[in-house]
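FYI, the numbering just counts along the sequence from 1.
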Amino acid sequence: MASGSDRVRFNVGGKIFETTATILANAGRQSMLGSLLDEFWDPRQPAGGGEYFIDRNPACFAVLLDLLRTGELHVPPNIPERLLYREALFYGLLDHVRAARWGPFDGNLLRPAASVPGRAPGDGTAIRAGPDGGCCVAHGSMVHVYDWMLEEHRPISLDYQQVNDVGYLEAQSIVVTARERLGRVEGGMGLFSSSTGELRHRFRVAHDDQVKSFTAGALSFSNSDYKIFASCKGRCNEYGIGVWDQNTGLQVDFFYEPTGCLLGDADKLQWLDGSNCLMVATLFPRTDNCFIGLLDLREKSVVWSWSDAGITTSLDDKRVVHAIAMEDGRSVCVVNQYEDLGFMDLRSNAGGVRWSSRSKLMNRKVPDEESCYPKLAAHGGQLFSSLNDGISVFCGPERVLTSTLRGSYGGSICDFSIGGDRLFALHGDENVFDVWETPPSPIF
């Protein structure tokens, strides 16, 4: 350490740098540089040198040190970004680099950051955002995995089993659901490494103490009590919702499908922390009659439900094609094929859907373009709805349209996902996905 109680000197790859303990504190105590401030950390120093020697790239260290000083990331053109990210990982500064690259998520401030072409023709099944800014794309029997730098890792292959859904358990682990493998009892659900694509665990379903073959569909996770939920279909009417422990991977419960409640074919599952209930939605066009319900797994009961069974409909009538429980836990938002938003009050079983027509303003169908049904997402009090090649952002208690996102050449959006302070939109025609980020806040 240099003279002066606050000054610190480094020799990085033969180049001398000098800074202060105050600047190093910006790195955080969990980082390699921040740990120098820990009174119990005593690194070796050359005798009489008065400096910490680090045998790493000095040009990258200069960029990262400037980031700690100013909060801004300026990468010279002669430094490859991947090299800088590798060095940031060594120093424990990846989170700082990501925060400087894009800011906290805000749907009204999103800007297109990248368009990534897929490696397989045809429609993708789903796209899911990872907690660290990466994503994965389900396509046929494959899941293509991308890290936060949008570099593709080794894909997850299910050996010709159709992928139904996919989700991140955490940044390094991905759960995949698929159709059952005929003649075998391995089940249709596994845990895979996001970095290597290797199978880590195969989830099983047992009925009457016998392991059964099953098809797993929609996924959801509860991070409060560490549970995994999946819609399940067996061969002998074993329809319902399977529940597994996130830590052990063992089945801990199974909610069998009651009469009139469509659970095994569910399109959408969503865990609600506030009410400790699971929302299950089985929707058009998977079934002719739509069902949305809240399950209390502790009491083995359906505490709220809605269905359009018994309602006479024609092909031109409004049909619910996607649903999401709002973050306040008091309502469910649904969308029909025309992108009309509808709301249902979870505090009452008496009401139906209160529709708010927006289709005349929003419909921008491109000639000769194959359309996709709208999808919904909610994040930070904002509501997002896709239609054709765009995503609409609604804000406030009245869900006022505040902005519209339109991306690349890939045609209609077949799915989108929000996570890691990014929005990922998967286009169906060209199998390309767009990445949207909020620019970092200016530093004065």
Side-chain angles (χ1 to χ4, degrees), residues 101-130 133-139 144 146 148 150 321-324 333-342 356-396 398-441:
R101 279 279 310 272
W102 65 87
F105 188 88
D106 185 336
N108 290 316
L109 300 178
L110 291 175
R111 298 293 182 269
S115 289
V116 181
R119 295 184 178 274
D123 296 338
T125 303
I127 189 167
R128 297 291 180 263
C135 74
C136 61
V137 180
H139 192 284
H144 299 275
Y146 301 83
W148 74 276
L150 303 181
V321 297
H322 205 237
I324 187 169
C333 178
V334 297
V335 65
N336 63 24
Q337 67 270 40
Y338 306 113
E339 212 217 15
D340 298 329
L341 297 179
S356 175
S357 179
R358 303 181 190 274
S359 57
K360 293 181 180 180
L361 297 176
M362 300 304 305
N363 200 336
R364 296 183 60 255
K365 182 172 173 57
V366 178
D368 301 323
E369 180 183 274
E370 183 180 352
S371 61
C372 297
Y373 284 124
K375 296 289 182 71
L376 295 170
H379 188 90
Q382 297 174 324
L383 178 65
F384 300 79
S385 176
S386 64
L387 180 66
N388 297 326
D389 65 339
I391 297 176
S392 304
V393 184
F394 303 92
C395 296
E398 299 301 321
R399 302 302 168 189
V400 176
L401 174 66
T402 54
S403 59
T404 301
L405 314 176
R406 292 191 178 95
S408 68
Y409 56 87
S412 294
I413 294 172
C414 60
D415 196 20
F416 71 98
S417 180
I418 300 171
D421 283 325
R422 278 173 160 172
L423 184 148
F424 298 88
L426 177 64
H427 296 263
D429 291 357
E430 300 293 338
N431 188 29
V432 60
F433 68 85
D434 294 331
V435 185
W436 295 76
E437 301 170 354
T438 302
S441 301

Can you check side-chain hydrogen bond (donor to acceptor under 3.5 Å, both in side chains) on D389 and H427, steps first, answer last?
CA-CA 8 Å; D389 65 339; H427 296 263; over 6 Å; no
In sequence, state the C-alpha distance, the side-chain angles, and the governing distance for I391 and S386, and then conclude on side chain to side chain contact (heavy atoms under 4.5 Å, CB included).
CA-CA 4 Å; I391 297 176; S386 64; 4.1 Å; yes
Pair S392-E339, side chain to side chain contact (heavy atoms under 4.5 Å, CB included): steps then yes or no:
CA-CA 10 Å; S392 304; E339 212 217 15; 3.4 Å; yes
Could you pull out all donor-acceptor pairs under 3.5 Å where a side-chain atom in residues 372-383 meets a protein atom, sequence neighbours excluded?
from : atom 1 : to   : atom 2 : distance (Å)
K375 : NZ     : C414 : O      : 3.2
Q382 : OE1    : G107 : N      : 2.8
Q382 : NE2    : D106 : OD1    : 3.0

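Between atom OG1 of residue T125 and atom NE2 of residue H139 there is a gap of 7.0 Å, rounded to the nearest 0.5 Å. A distance of 13.0 Å separates OG1 in T438 from CZ in R101, rounded to the nearest 0.5 Å. Rounding to the nearest 0.5 Å gives a distance of 9.0 Å between CZ of F416 and CG of L405. A distance of 13.5 Å separates SG in C135 from CD1 in I418, rounded to the nearest 0.5 Å. Rounding to the nearest 0.5 angstrom, the gap separating the SG atom in C136 from the CZ atom in F433 is 10.0 Å.
Partner of V116 under the side-chain contact (heavy atoms from CB on, under 4.5 Å) criterion, out of L150, L426, V137: L150 alone.
With sequence neighbours excluded, the residues forming a salt bridge (charged side-chain N to carboxylate O under 4.0 Å, His left out) with R128 are D165, D415, listed by chain and number.
Between the D421 side chain and the F105 main chain, a donor and an acceptor come within less than 3.5 Å of each other. Proximity of a side-chain donor or acceptor of T402 to a complementary backbone N or O of V393 within less than 3.5 Å is detected. A donor-acceptor contact shorter than 3.5 Å links the side chain of R422 to the backbone of W148.
Nearest heavy-atom pair across L341 and C333 is CD2-SG, 4.2 Å. Contact between W102 and P440 at its shortest, heavy atoms only, is CA-CD, 4.0 Å. In terms of heavy-atom proximity, D434 sits nearest to W436 at CB-NE1, 3.7 Å. Of all the heavy atoms in S385 and F394, the pair that sits closest is CB-CE1, 4.0 Å.
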